[in-house]
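Everything numeric in this text was worked out from a predicted model, so none of it was measured. We're numbering straight along the sequence, starting at 1. Worth knowing before you read on, the calculation uses all heavy atoms, side chains too, and leaves out hydrogens, waters and symmetry mates.
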Amino acid sequence: MSNNTPERKIATLRYAQYSAAFKYLVEKGLDSTFILQPKLTQRTEKIGEKYSPDMVCTPFKTILGSLVEALEAGANMIIMPGGICRLSYYGELSRKILLDEGYEFQFINLNAYSMSGKKKDLLKAIKAINPKIKPSHFISAGLEAIKMVEYLDEITYEYYKGCGFDPTGMWKKSYRKFLSSMYRADSKASIEKAYYSTKRDFDTIPLQKPPHPLKVGILGEFYTAVDSFSNREVEQKLADMGVEVHRWMNISHRLLHYPGEKNLNVEIREYCTYEMGPTSTANIWAAKHYAEQGFHGLIHIKSANCTPEIDIVPILQSLSARYKIPLLILTCDTQTSDVGLMTRLEAFYDMIEAKGRELK
């Protein structure tokens with residue numbers, strides 16, 4: 001980079017723990033500096049709420065707030081991913097809002113590129129970010145970043161299945177160590193080392209899990225159901241009650257290895273004839289799967305004003321009635337409080353505990 005060209009300081013939205021993979025991709029694949037903004041907090045939401053349209057969905061407000069905090073942290077380039085719901089419009093809307101507020105930055109909206117899997121689309125996006133990067137260099141780092149995403153999803157899934165049954169706290173300690181290692185990773189070897197080390201820990205740390213633990217399936221909108229801050233740590237709260245928590249929805253399942261709407265629809269055609277939205281088919285399928293597997297309860301997590309997830313509520317209620325499985329619907333927004341959430345979760349726990357006694 002020449003002396004006349006400012007250093008690229010790249011940031012994107014914060015979303016669960018996936019910032020670790022994006023950090024790796026930016027630093028190893030784009031030869032740029034990655035700016036990691038602070039963890040999401042109520043301040044993030046307040047900033048986003050201040051600048052957002054009133055009826056926009058809650059994730060937009062959180063994402064906008066996180067972009068502001070990235071710019072405050074020194075970012076001069078924002079990369080905004082595309083999406084398959086209203087998220088596809090949010091990049092341009094976010095850009096205009098941030099410019100109106102006086103921020104100066106370069107904005108790369110990946111939704112402006114079709115990203116249909118064609119090499120030319122990927123090449124255009126790479127060149128827009130760093131014209132000097134060789135595609136082969138980026139792709140190599142990209143494949144390693146994708147593997148990191150898969151490891152993040154797998155370890156997180158295993159963590160919430162087991163952490164509620166570890167009185168020593170070693171399970172949680174190992175998981176936190178794994179996440180820290182992912183953020184520090186600077187090579188394929190370091191990614192693999194952290195993954196296999198955590199797998200060994202999970203295999204050797206003894207758990208006090210009963211033969212038939214209470215099992216809850218988490219469903220919901222792609223951002224809110226996956227991001228622990230946005231859903232106010234629902235999974236951890238349930239696990240702390242002694243529940244085995246399962247969540248199918250993540251980047252690996254929904255984006256990297258998605259079975260496809262038509263394939264999933266074969267199993268839910270009696271409930272859903274047409275595609276209803278970006279995660280609707282998958283959530284109906286997952287709910288039916290959990291019910292048929294004998295889970296004790298379902299929790300559907302959506303953000304306020306998320307139309308696709310609102311539309312599937314009657315279907316989930318129908319599944320709940322048919323399989324006699326308790327269903328808790330949680331709508332999260334910037335006003336969601338821990339006290340109110342805990343009250344609902346505790347009442348839900350009493351329901352599934354009673355169901356568990358019936359099944360024994």
Side-chain angles (χ1 to χ4, degrees), residues 151-176 178 198-220 225-226 228 231-250 252-254 259 264 267-268 270-271 282-301 312-313 315-330 341-360:
Y151 287 163
L152 283 164
D153 285 336
E154 180 186 341
I155 295 296
T156 297
Y157 180 79
E158 292 300 323
Y159 169 73
Y160 285 117
K161 281 176 59 181
C163 68
F165 308 98
D166 172 33
T168 68
M170 294 301 293
W171 197 269
K172 181 179 289 187
K173 182 178 179 180
S174 178
Y175 179 63
R176 288 177 174 173
F178 166 75
T198 308
K199 289 281 285 184
R200 285 193 296 272
D201 287 347
F202 283 1
D203 287 339
T204 56
I205 295 173
L207 299 179
Q208 295 182 7
K209 182 181 289 191
H212 304 287
L214 295 176
K215 294 183 180 181
V216 170
I218 301 293
L219 322 162
V226 177
S228 60
N231 60 49
R232 302 302 189 258
E233 299 278 359
V234 164
E235 289 171 290
Q236 190 63 60
K237 286 180 169 66
L238 283 170
D240 290 343
M241 295 178 184
V243 174
E244 184 177 300
V245 184
H246 294 245
R247 170 173 48 80
W248 182 88
M249 187 64 66
N250 57 38
S252 295
H253 288 155
R254 183 58 188 85
L264 292 181
E267 298 185 41
I268 62 168
E270 61 186 303
Y271 298 101
N283 279 322
I284 296 168
W285 172 85
K288 185 171 183 285
H289 171 76
Y290 291 141
E292 290 178 340
Q293 293 297 314
F295 276 50
H296 301 87
L298 301 173
I299 296 182
H300 179 237
I301 305 173
I312 71 167
V313 168
I315 299 175
L316 296 179
Q317 291 171 331
S318 177
L319 275 163
S320 172
R322 178 175 178 177
Y323 289 93
K324 295 181 173 56
I325 180 171
L327 168 68
L328 175 62
I329 297 173
L330 297 177
L341 177 60
M342 279 303 302
T343 299
R344 298 190 66 188
L345 288 178
E346 287 168 356
F348 182 72
Y349 177 85
D350 290 341
M351 291 177 63
I352 65 173
E353 187 182 36
K355 179 178 174 64
R357 289 196 300 268
E358 291 175 3
L359 295 175
K360 289 181 180 179

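Residues meeting the side-chain contact (heavy atoms from CB on, under 4.5 Å) test with Tyr157, sequence neighbours left out: Lys161, His246. For Ala291, the side-chain contact (heavy atoms from CB on, under 4.5 Å) partners two or more places apart in sequence, or in a different chain, are Tyr323, Ile325. Under the salt bridge (charged side-chain N to carboxylate O under 4.0 Å, His left out) criterion, Glu346 pairs with no residue at all, not counting sequence neighbours. Every residue meeting the side-chain hydrogen bond (donor to acceptor under 3.5 Å, both in side chains) condition with Tyr175, not counting sequence neighbours, appears here in chain and number order: Thr156. Not a single ring pair (Phe, Tyr, Trp, His ring centres under 6.0 Å) links Phe165 to another residue, sequence neighbours left out. Taking Arg200 as the reference, Tyr196, Ser197 meet the side-chain contact (heavy atoms from CB on, under 4.5 Å) condition, with sequence neighbours excluded. With sequence neighbours excluded, the residues that form a side-chain contact (heavy atoms from CB on, under 4.5 Å) with Met170 are Asp166, Thr168, Lys173, Ile205. Under the rule for a side-chain hydrogen bond (donor to acceptor under 3.5 Å, both in side chains), Thr198 has no partner lying at least two apart in sequence or in another chain. Under the ring pair (Phe, Tyr, Trp, His ring centres under 6.0 Å) criterion, Phe202 pairs with Trp171, sequence neighbours left out. With sequence neighbours left out, the side-chain hydrogen bond (donor to acceptor under 3.5 Å, both in side chains) criterion links Asp153 to Tyr18, Ser252. Qualifying side-chain hydrogen bond (donor to acceptor under 3.5 Å, both in side chains) partners for Ser320, counting only residues two or more places apart in sequence or in other chains: none.
Salt-bridge formation is detected for the pair Glu235/Arg247: a Lys NZ or Arg NE/NH1/NH2 atom is positioned less than 4.0 Å from an Asp or Glu carboxylate oxygen. Using a 4.0 Å cut-off between a side-chain N of Lys or Arg and a carboxylate O of Asp or Glu, Glu154 and Lys199 qualify as a salt bridge.
Across every non-hydrogen atom of Asp201 and Ser174, the tightest pair is OD2-OG, 2.8 Å. Contact record, Met249 with Gly220: CE-O, 4.0 Å, taken as the closest heavy-atom pair. Trp248 approaches His253 most closely through the heavy-atom pair O-ND1, 2.6 Å.
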Practice task
Could you walk me through whether Tyr160 and Ile218 pass side chain to side chain contact (heavy atoms under 4.5 Å, CB included), step by step?
Solution key: CA-CA 11 Å; Tyr160 285 117; Ile218 301 293; over 6 Å; no
Practice task
Show your reasoning for whether side chain to side chain contact (heavy atoms under 4.5 Å, CB included) applies to Val226 and Arg254.
Solution key: CA-CA 11 Å; Val226 177; Arg254 183 58 188 85; over 6 Å; no
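Atom NZ of Lys237 and atom CG of Leu345 lie 7.5 Å apart (nearest 0.5 Å). With values rounded to the nearest 0.5 angstrom, Leu264 atom CG is found 11.5 Å from His289 atom NE2. Here Ile301 contributes atom CD1 and Ile329 contributes atom CD1; the two are 11.5 Å apart, rounded to the nearest 0.5 Å. Between the CD1 atom of Ile284 and the OG atom of Ser318 there is a distance of 10.0 Å, given to the nearest 0.5 Å. For the atom pair NZ of Lys288 and CG of Leu319, the computed distance is 8.0 Å after rounding to the nearest 0.5 Å. Between Cys163 atom SG and Asp240 atom CG the span is 6.5 Å, to the nearest 0.5 Å.
Under the salt bridge (charged side-chain N to carboxylate O under 4.0 Å, His left out) criterion, the residue pairs touching residues 315-324 are Glu270-Arg322, with sequence neighbours excluded.
Using a 4.5 Å heavy-atom cutoff, the side chains of Tyr159 and Phe178 are not in contact. Considering only heavy atoms from C-beta on, Asn283 stays 4.5 Å or farther from Leu316 through its side chain. The closest side-chain heavy-atom distance from Ser228 to Gln236 is not below 4.5 Å. Looking at heavy atoms from C-beta onward, Asn231 lies out of side-chain contact with Leu330 at the 4.5 angstrom threshold. When side chains are defined from C-beta on, Tyr290 counts as touching Leu219, because their heavy atoms get closer than 4.5 Å. Inter-residue side-chain proximity for Glu244 and His296 is flagged as unmet; no heavy-atom pair is nearer than 4.5 Å.
Of the candidates Leu238, Leu328, Val243, Val243 is the only one forming a side chain to side chain contact (heavy atoms under 4.5 Å, CB included) with Tyr349.
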